[in-house]
Enquirer: 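Right, I'll just put the structure down here and ask away after.
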Amino acid sequence: MKFLEKTVLLFLIFHFNVEAQTNLSADLDRIKEEGFQRSQVQETLIHLSDIYGQRLTGSREYFRAAQWAKAQLEDWKIDNAHFENYCNDCRGWGIKTFNAEMISPIYLKLMAYPLAMVQGTDGEITGTPIHIPDRADLQAVKAKFGGQLKGKIVLSGKPPVLKTLTDPLVDRRSAEAIAKLENALAPSTTLQHLPDLLESWLVDVKADSAFMKFLESEGALASFTTTPLNPGVIHAQGTYFYRETHIKPLPSFALAPEHFNKIVRMLERNETPDIRLNLETEFYMEPQNNVNIIGEIPGGDPRLKSEVVLIGAHFDSWHAGSGTTDNGTGVAVMMEVLRIIKATGIRPKRTIRMGLWGGEEQGYLGSVAYAKANFGQFGTKPLPDSRKVSAYVNMDNGAGAMRGIYLQGNAAARTVFEEVLKPFDYLGATTVTIENTMGTDHDVFDYYNIPSFQIIQDWLGYYTLTHHTNLDLVEYAPEEDLKKNSVILAGMIYQLAMREEKVPRKK
């Protein structure tokens with residue numbers, strides 16, 4: 001090639017690179033302006049949490065909230081907003097009314113909340129408590145307590161040691177914690193093989209089912225459990241009996257640890273209180289409630305529009321609060337990501353698709369159903385469409401500000417995320433760690449060797465106050481953090497959709 005031709009070619013390459021970078025920078029500025037100055041993320045969260053409330057898998061409340069979310073996507077002109085069913089035998093359940101109180105030797109309104117998927121009491125009942133400290137060995141429990149449970153209210157589990165009032169309730173990630181993530185050379189935890197993980201949860205369900213069946217067969221009236229969280233917090237997690245064929249456990253309540261411990265101390269001192277309960281629940285089979293919510297922004301590049309950047313968050317929640325931080329915040333942010341990109345009028349090269357998954361709390365039901373339908377059954381070679389997904393990005397760690405990204409052991413993706421997070425250094429989203437994090441829907445897509453990532457967030461009060469508790473409420477979701485997360489993710493996802501190459505896969 002002649003010197004002049006080489007010079008012209010180099011000039012054109014340089015010119016187009018500069019122009020592309022200039023256009024991308026302008027697009028990111030538009031994303032920041034839309035997300036910070038015309039944000040709707042807080043309003044979306046308030047609707048999900050306050051207007052529609054808890055979204056228990058299979059419930060009518062879940063479906064009403066899903067209908068609203070789909071209508072909102074359509075109002076924002078998000079393309080292809082639709083439902084996809086994920087379970088035909090997941091039943092619905094709800095509470096109509098309940099009451100729990102100690103009526104002697106003193107009166108005490110118990111801090112309690114019913115566990116999900118349990119029977120009602122068939123009117124008001126009164127019984128005395130009995131304590132089963134350890135339920136792990138069911139045969140030992142049967143040998144010790146058989147014949148003693150008729151008419152009793154069973155407290156199961158050891159009395160918890162509470163966190164003290166001097167422990168922090170809300171916490172940002174410290175500089176030391178961030179440095180530990182950044183400096184990790186390899187993941188300190190190993191991702192469990194997905195089918196094995198899901199099977200292990202079924203083993204836990206079967207064990208809980210056997211214990212509940214024993215209590216009912218012995219004539220117990222009800223069951224109380226508790227969790228050692230912060231003072232006054234009711235952790236209403238348990239009874240994963242969500243399928244039509246599962247048992248309907250006897251009336252069961254989560255107690256605040258203070259009241260659980262009080263009753264145990266009374267029993268240890270031979271003072272037996274009388275407990276009065278009333279619980280009215282309903283079961284129903286409405287498979288139409290079990291839907292994932294899907295929406296997308298189609299890609300505009302003829303060569304790349306068939307490829308997808310997939311984002312997601314789980315739409316279902318537990319029921320004692322309003323499902324705000326688990327996972328209304330993730331849902332509201334992901335919906336806002338689509339709204340921001342659509343409102344700016346910018347067009348990504350690849351398609352950006354969002355999935356709001358149901359049944360995550362019962363074992364990734366929604367995302368597993370989507371993955372099997374699109375990428376193949378477990379144990380088979382992934383279908384070709386799995387290779388069209390450049391990346392999956394998930395949000396499910398509460399309401400705290402985004403601090404970076406978990407690479408899930410994908411070292412080849414490090415430079416990509418360092419690049420796409422760079423424009424948001426000033427917002428504190430600087431950490432790219434090789435570490436794995438587990439326990440939510442990105443596990444599903446990682447199984448298919450789709451580059452899958454979870455957001456690093458400040459914890460705030462996620463595991464001390466709000467996770468599956470009666471305090472999972474809007475008050476614990478700072479609006480400023482939600483705006484930051486929406487803008488950072490919108491910019492990050494848009495850049496992934498604009499890259500010439502897909503995000504590298506793990507070997």
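By convention here, the first residue in the shown sequence is residue 1.
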Enquirer: Ignoring hydrogens and angles, state whether a donor on the side chain of Asn85 or Gln288 is under 3.5 Å from an acceptor on the partner side chain.
Expert: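 Note: Asn85 and Gln288 side chains miss the donor-acceptor criterion.
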Enquirer: Using a strict 4.0 Å threshold on nitrogen-to-oxygen distance, state whether Lys150 and Glu218 make a salt bridge.
Expert: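 No, no charged N to carboxylate O under 4.0 Å.
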Enquirer: Any donor and acceptor pair, going by atom type alone, linking the side chain of Gln457 with main-chain N or O of Gly398 inside 3.5 Å?
Expert: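 Judged by distance alone, yes, a pair lies under 3.5 Å.
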Enquirer: Tell me whether the NZ or CZ atom of Arg91 lies within the 45° cone about the ring axis of Tyr284 and under 6.0 Å from its centre.
Expert: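 Geometry flag: not set, cation outside 6.0 Å or 45°.
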Enquirer: Do we see a donor-acceptor contact under 3.5 Å between the side chains of Asp316 and Thr57?
Expert: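 There is such a pair (donor and acceptor under 3.5 Å, judged by atom type) between the side chains of Asp316 and Thr57.
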Enquirer: Check whether Ser59 reaches the backbone of Leu56 with its side chain - one donor and one acceptor, N or O, closer than 3.5 Å.
Expert: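 Looks like yes, one N/O pair under 3.5 Å.
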Enquirer: Would Glu182 and Thr431 count as having a side-chain donor-acceptor pair, cut-off 3.5 Å?
Expert: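 There is such a pair between these side chains.
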Enquirer: Taking the six-membered ring for Trp, are Tyr447 and Tyr364 ring centroids under 6.0 Å apart?
Expert: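 No, they do not, as the ring centres are separated by 6.0 Å or more.
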Enquirer: Not counting sequence neighbours, which residues clear side chain to side chain contact (heavy atoms under 4.5 Å, CB included) with Glu271? List them please.
Expert: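 For Glu271 the side chain to side chain contact (heavy atoms under 4.5 Å, CB included) partners, ignoring immediate neighbours, are Pro105, Met266.
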Enquirer: Check side chain to side chain donor-acceptor pair (under 3.5 Å) between Lys70 and all other residues, then give those that pass, not counting sequence neighbours.
Expert: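 For Lys70, the residues satisfying side chain to side chain donor-acceptor pair (under 3.5 Å) (neighbours in sequence not counted) are Glu74.
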Enquirer: Is NZ or CZ of Lys248 both nearer than 6.0 Å to the six-membered ring centre of Phe241 and within 45° of the ring axis?
Expert: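 No cation-pi geometry.
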Enquirer: Given the side-chain rings of Trp93 and His319, with only the six-membered ring counted for Trp, is the space between their centroids under 6.0 Å?
Expert: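 That pair passes the under 6.0 Å test.
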Enquirer: Please test Leu489 against Met492 for side chain to side chain contact (heavy atoms under 4.5 Å, CB included), starting from the C-alpha separation and ending with a verdict.
Expert: CA-CA 5 Å; Leu489 278 172; Met492 186 183 87; 3.7 Å; yes
Enquirer: Quick test of your reading of the model: are Arg339 and Glu336 salt-bridged, counting only N-O distances below 4.0 Å?
Expert: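 Here Arg339 pairs with Glu336 in a salt bridge, since their nearest N and O are under 4.0 Å apart.
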Enquirer: Start with the C-alpha gap between Phe253 and Leu115, add the side-chain angles, then the distance that decides, and say whether side chain to side chain contact (heavy atoms under 4.5 Å, CB included) holds.
Expert: CA-CA 5 Å; Phe253 295 78; Leu115 296 181; 5.9 Å; no
Enquirer: When you measure from the side chain of Glu244 to the backbone N and O of Cys90, does any donor-acceptor pair fall under 3.5 Å?
Expert: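 Here the side-chain-to-backbone pair does not exist.
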Enquirer: For Tyr113 and Phe98, I'd like to know if the aromatic rings sit close, meaning centre-to-centre distance below 6.0 Å.
Expert: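 Yes, close enough.
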Enquirer: Is there a donor-acceptor contact under 3.5 Å linking the side chains of Trp357 and His314?
Expert: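 Short answer, no.
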Enquirer: Say whether Gln72 and Gln40, considering side chains only, have a donor N or O and an acceptor N or O under 3.5 Å apart.
Expert: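 Their side chains do not contain a donor-acceptor pair, so the 3.5 Å distance test is not met.
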Enquirer: Tell me whether Asp89 is salt-bridged to Arg243, with the criterion being a basic N under 4.0 Å from an acidic carboxylate O.
Expert: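 A salt bridge is present here (some side-chain N lies under 4.0 Å from a carboxylate O).
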Enquirer: Check whether any side-chain N or O of Thr227 sits under 3.5 Å from a backbone N or O of Leu229 as a donor-acceptor pair, and report yes or no.
Expert: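 A pair under 3.5 Å: no.
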Enquirer: For Lys180, is there an ion pair with Glu435 - N to carboxylate O distance below 4.0 angstrom?
Expert: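 No, no charged N to carboxylate O under 4.0 Å.
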Enquirer: Taking atom types as modelled, find out whether Lys152 and Thr128 have a side-chain donor-acceptor pair closer than 3.5 angstrom.
Expert: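 Their side chains do contain a donor-acceptor pair, which is all the 3.5 Å distance test asks for.
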Enquirer: Kindly say whether Tyr242 contributes a backbone atom to a donor-acceptor pair with the side chain of His246 at under 3.5 angstrom?
Expert: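 Such a contact is found between His246 side chain and Tyr242 backbone.
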Enquirer: Any side-chain donor-acceptor pair under 3.5 Å between Asp472 and His467?
Expert: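 No.
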Enquirer: Please determine if Lys109 and Glu101 form a salt bridge, counting it only when a charged side-chain N lies under 4.0 Å from a carboxylate O.
Expert: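 Salt bridge between Lys109 and Glu101, a charged N being under 4.0 Å from a carboxylate O: no.
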Enquirer: State which residues pass salt bridge (Lys or Arg N to Asp or Glu O under 4.0 Å) with Arg269; sequence neighbours excluded, sorted by chain then number.
Expert: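 With neighbours one apart ignored, the set is empty.
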Enquirer: Out of curiosity, Asp274 CG to Ile106 CD1, how far, rounded to the nearest 0.5 Å?
Expert: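 So the CG of Asp274 and the CD1 of Ile106 are separated by 12.0 Å.
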Enquirer: Is there a side chain to side chain contact (heavy atoms under 4.5 Å, CB included) between Thr44 and Trp68 once you walk through the steps?
Expert: CA-CA 10 Å; Thr44 297; Trp68 175 83; 3.9 Å; yes
Enquirer: Are Phe315 and Tyr62 near enough that their ring centres are under 6.0 Å apart?
Expert: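 Yes - the distance between ring centres of Phe315 and Tyr62 falls below the 6.0 Å cut-off.
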Enquirer: Donor-acceptor check, side chain of Asn183 to backbone of Ala179, threshold 3.5 angstrom: yes or no?
Expert: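 Side chain of Asn183 to backbone of Ala179, a donor-acceptor pair under 3.5 Å: yes, one is there.
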Enquirer: Charged N to carboxylate O below 4.0 Å: is that the case for Asp458 and Lys484?
Expert: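 No salt bridge links Asp458 with Lys484.
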Enquirer: Could you walk me through whether Gln454 and Asp441 pass the side chain to side chain contact (heavy atoms under 4.5 Å, CB included) check?
Expert: CA-CA 9 Å; Gln454 171 73 3; Asp441 292 292; over 6 Å; no
Enquirer: Using modelled atom types only, decide if a donor and an acceptor are shared between the side chain of Asn99 and the backbone of Asn278 within a distance under 3.5 Å.
Expert: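 Between the backbone of Asn278 and the side chain of Asn99 there is no qualifying donor-acceptor contact (under 3.5 Å).
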Enquirer: List for me each residue that meets side chain to side chain donor-acceptor pair (under 3.5 Å) alongside Trp459, sequence neighbours excluded, and say none if there are none.
Expert: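 Here no residue qualifies.
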Enquirer: Please list every donor-acceptor pair under 3.5 Å in which a side-chain atom of residues 198-210 meets a protein atom from a residue at least two apart or in another chain.
Expert:
from	atom 1	to	atom 2	distance (Å)
Ser200	OG	Leu197	O	2.6
Asp208	OD1	Arg135	NH2	2.3

Enquirer: Please check this pair: side chain of Glu475 against backbone of Leu471, looking for a donor-acceptor N/O pair closer than 3.5 Å.
Expert: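 Not a single qualifying donor-acceptor pair exists.
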Enquirer: Is there a donor-acceptor pair closer than 3.5 Å between any side-chain N or O of Asn470 and the backbone N or O of Ile234?
Expert: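 Side chain of Asn470 to backbone of Ile234, a donor-acceptor pair under 3.5 Å: yes, one is there.
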Enquirer: Side-chain donor-acceptor pair under 3.5 Å between Glu84 and His82, yes or no?
Expert: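 Present: a donor and an acceptor within the cut-off.
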Enquirer: For the ring pair Tyr462 and Tyr476, is the centre-to-centre distance below 6.0 Å?
Expert: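 For Tyr462 and Tyr476, the ring centres are not under 6.0 Å apart.
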Enquirer: Please check if the side chain of Ser452 supplies one atom and the backbone of Asp446 the other of a donor-acceptor pair under 3.5 Å.
Expert: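 Yes.
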Enquirer: Around atom CD of Glu480, are there more than 12 heavy atoms from other residues, nucleotides or ligands closer than 6.0 Å?
Expert: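 Open: at most 12 neighbouring heavy atoms sit under 6.0 Å from CD of Glu480.
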Enquirer: Please list all pairs meeting disulfide (SG to SG under 2.5 Å) that have one or both residues in residues 92-139, counting only residues at least two apart or in different chains.
Expert: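 For residues 92-139: none.
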